[in-house]
K.L.:
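This structure is in structure tokens; I'll ask about it shortly.
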Protein chains: 2
Amino acid sequence: MASKLSKVNLNDYKPLREVIFDTLREAIITGELKPGERLMEVKLAEKMGVSRTPVREAIRMLELEGLVDMLPRKGAHVAELSVKDIMDVLEVRASMDSLATRLAAERITDEEIKELRQIQAQFVNYANKDNLHGTIKKDVEFHELIYRASRNDRLLQIANNLREQVQRFRVIYLKDYSSPKNLIKEHEDICDAISARNFDQAQACAQTHINNQEKVIIKAIKNLK
Amino acid sequence: MASKLSKVNLNDYKPLREVIFDTLREAIITGELKPGERLMEVKLAEKMGVSRTPVREAIRMLELEGLVDMLPRKGAHVAELSVKDIMDVLEVRASMDSLATRLAAERITDEEIKELRQIQAQFVNYANKDNLHGTIKKDVEFHELIYRASRNDRLLQIANNLREQVQRFRVIYLKDYSSPKNLIKEHEDICDAISARNFDQAQACAQTHINNQEKVIIKAIKNLK
DNA sequence: TGTTTTTATATTATATACAAAATACAAAGC
DNA sequence: GCTTTGTATTTTGTATATAATATAAAAACA
């Protein structure tokens with residue numbers, strides 16, 4: 001019988017391209033790699049101690065993900081993220097979030113409702129203690145659970161990609177992350193509507209929530225200019 | 001001054017990976033490559049007269065696109081497309097189409113309205129003559145124009161991917177493509193609402209249109225079982 | 001015969017090698 | 001000084017080679 005060790009190793013195995021992909025994506029999203037920055041295969045490969053092949057494959061994936069742009073025979077560079085881009089993303093995400101919340105209200109399980117309320121309680125707790133890190137974490141968890149409860153994998157996949165873009169934009173343009181107290185109320189409303197499985201109301205609450213979020217970002221954008 | 005000739009050649013250049021990517025994607029969407037079918041690098045490379053490298057890169061891209069699945073060290077195979085998958089896609093696409101139509105009503109130019117009406121006229125013409133091929137073509141053009149008029153590149157990109165999946169499903173499961181006459185009326189309504197720049201109504205019409213489309217597909221799915 | 005073990009083969013994963021194009025820069029010509 | 005042209009260098013695009021793993025077939029054993 002094979003030892004557990006080998007089994008674990010098999011499950012843990014990740015192709016280098018995936019590791020590189022994750023690393024580069026993280027670097028792009030956190031702004032460590034800046035928009036327009038060139039991605040040179042040999043340099044990246046050397047820095048990461050691998051050959052060019054997995055680096056290239058990772059770049060191909062990042063290209064599809066929209067995080068890098070390619071020019072034939074000129075190489076890859078970190079995709080620029082314009083205000084127009086982020087407006088486009090926000091517009092789509094609003095619609096996705098709204099849909100997800102409606103579907104979640106229809107399909108969420110009782111356990112998940114409990115979980116949602118728990119997250120919400122922790123969110124409130126952190127927010128009241130001005131714990132920014134914790135608040136953001138719970139905010140993300142809150143929305144992740146809702147997407148999960150929508151029981152729509154495609155929606156989840158698209159939303160993750162959009163979230164990525166927004167996050168990236170935040171890092172690049174808006175260094176600070178304000179945590180307005182009215183978020184609490186909005187989450188509470190969404191929570192209640194979902195718990196009551198009132199999908200129309202849930203969708204409406206989500207819409208309000210996103211519109212407000214959008215306003216914050218758009219206001220911040222205008223301040224930049 | 002450089003001649004036009006050299007410019008054209010430069011623009012025409014496409015890396016092999018892109019050519020392979022397009023070819024494989026087309027093959028998967030049209031059902032030439034069937035769900036579950038293995039994609040072996042050497043075979044594909046030989047068949048296409050290239051080395052494994054561009055084939056691998058194309059496969060990495062198809063993976064992100066959701067058209068192939070990978071198992072580490074076991075290779076790639078054409079992604080299965082379950083009924084659940086297509087329901088998920090339809091759910092999201094409904095929301096996207098609805099959003100696109102609303103935005104189009106807000107942002108479409110006068111020229112585009114003219115163009116839309118023209119396409120619609122041709123659509124009606126083909127449909128009345130039972131020209132299936134022409135009808136489908138104009139149907140696609142109709143929706144493409146609306147997406148274009150939404151002035152949202154991200155939306156366009158996502159919608160294209162979703163359309164891909166639906167098309168694939170059609171080919172795999174529903175060999176025939178019924179062209180019900182009431183499509184004409186629905187398109188007409190959308191056209192009118194957009195022309196009047198009445199975005200609420202445009203969105204509502206789009207919603208109706210998509211819901212009906214969904215019903216057709218769902219009905220067809222049920223007939224399969 | 002059925003089951004395990006071994007071995008061979010096929011296939012992916014990664015690294016390297018080579019070719020072609022783009023870029024940078026210096027020398028020549030005006 | 002400015003442009004042009006040629007050359008060296010860098011970098012990508014593609015092909016091939018090597019290593020590691022999985023699959024399948026054959027051999028050994030009960």
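Just so it is clear: chains get the letters A, B, ... in the order the sequence lines come, proteins before strands, and each one is counted from 1.
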K.L.:
What nucleotide, of D:dG13, D:dT21, C:dT12, holds the atom closest to the side chain of B:Arg73?
P.N.:
D:dT21

K.L.:
Salt bridge between A:Glu57 and A:Arg60, side-chain N to carboxylate O under 4.0 Å?
P.N.:
no

K.L.:
Using whole Å, what does the distance between atom P of nucleotide D:dG13 and atom CG of B:Leu16 come to?
P.N.:
11 Å

K.L.:
Please report, rounded to the nearest Å, how far the P atom of C:dT14 is from the CD atom of A:Glu41.
P.N.:
16 Å

K.L.:
Between the side chains of B:Asp88 and B:Lys84, is the shortest nitrogen-to-carboxylate-oxygen separation below 4.0 Å, so that they form an ion pair?
P.N.:
yes

K.L.:
Ion pair present between A:Glu164 and A:Arg168, side-chain N to carboxylate O less than 4.0 angstrom?
P.N.:
no

K.L.:
Please work out whether the ring planes of B:His187 and B:His143 are parallel, tilted or perpendicular, with thresholds of 30° and 60°.
P.N.:
perpendicular

K.L.:
Starting at CZ of B:Arg17 and ending at C1' of D:dA15, how long is that distance when rounded to a whole Å?
P.N.:
15 Å

K.L.:
Checking the side chain of B:Arg38 only, and the main-chain atoms of B:His77 only, is there a donor and an acceptor separated by less than 3.5 Å?
P.N.:
no

K.L.:
For B:Arg38 and for A:Lys74, find the nucleotide of DNA chain C with the closest heavy atom, then tell me which residue's nucleotide is more 5'.
P.N.:
B:Arg38

K.L.:
Reckon A:Leu39 touches a base, only the sugar-phosphate, or nothing at all at heavy-atom distances under 4.0 Å?
P.N.:
sugar-phosphate

K.L.:
Return no unless some side-chain N or O of A:Tyr13 is found under 4.0 Å from OP1 or OP2 of C:dT14.
P.N.:
yes

K.L.:
DNA chain D: B:Pro72 or A:Met70, which has the more 5' nearest nucleotide?
P.N.:
A:Met70

K.L.:
Expressed as a whole number of angstroms, how long is the span from A:Ile20:CD1 to C:dA13:C1'?
P.N.:
13 Å

K.L.:
Scan residues 42-65 of chain B against DNA chain C and write down, sorted by residue number, each residue with any heavy atom closer than 4.0 Å; if none is found, say none.
P.N.:
B:Arg52, B:Arg56

K.L.:
Which heavy atom in B:Asn131 sits nearest to a heavy atom in B:Gly134, and how many Å separate them?
P.N.:
OD1-N, 2.8 Å

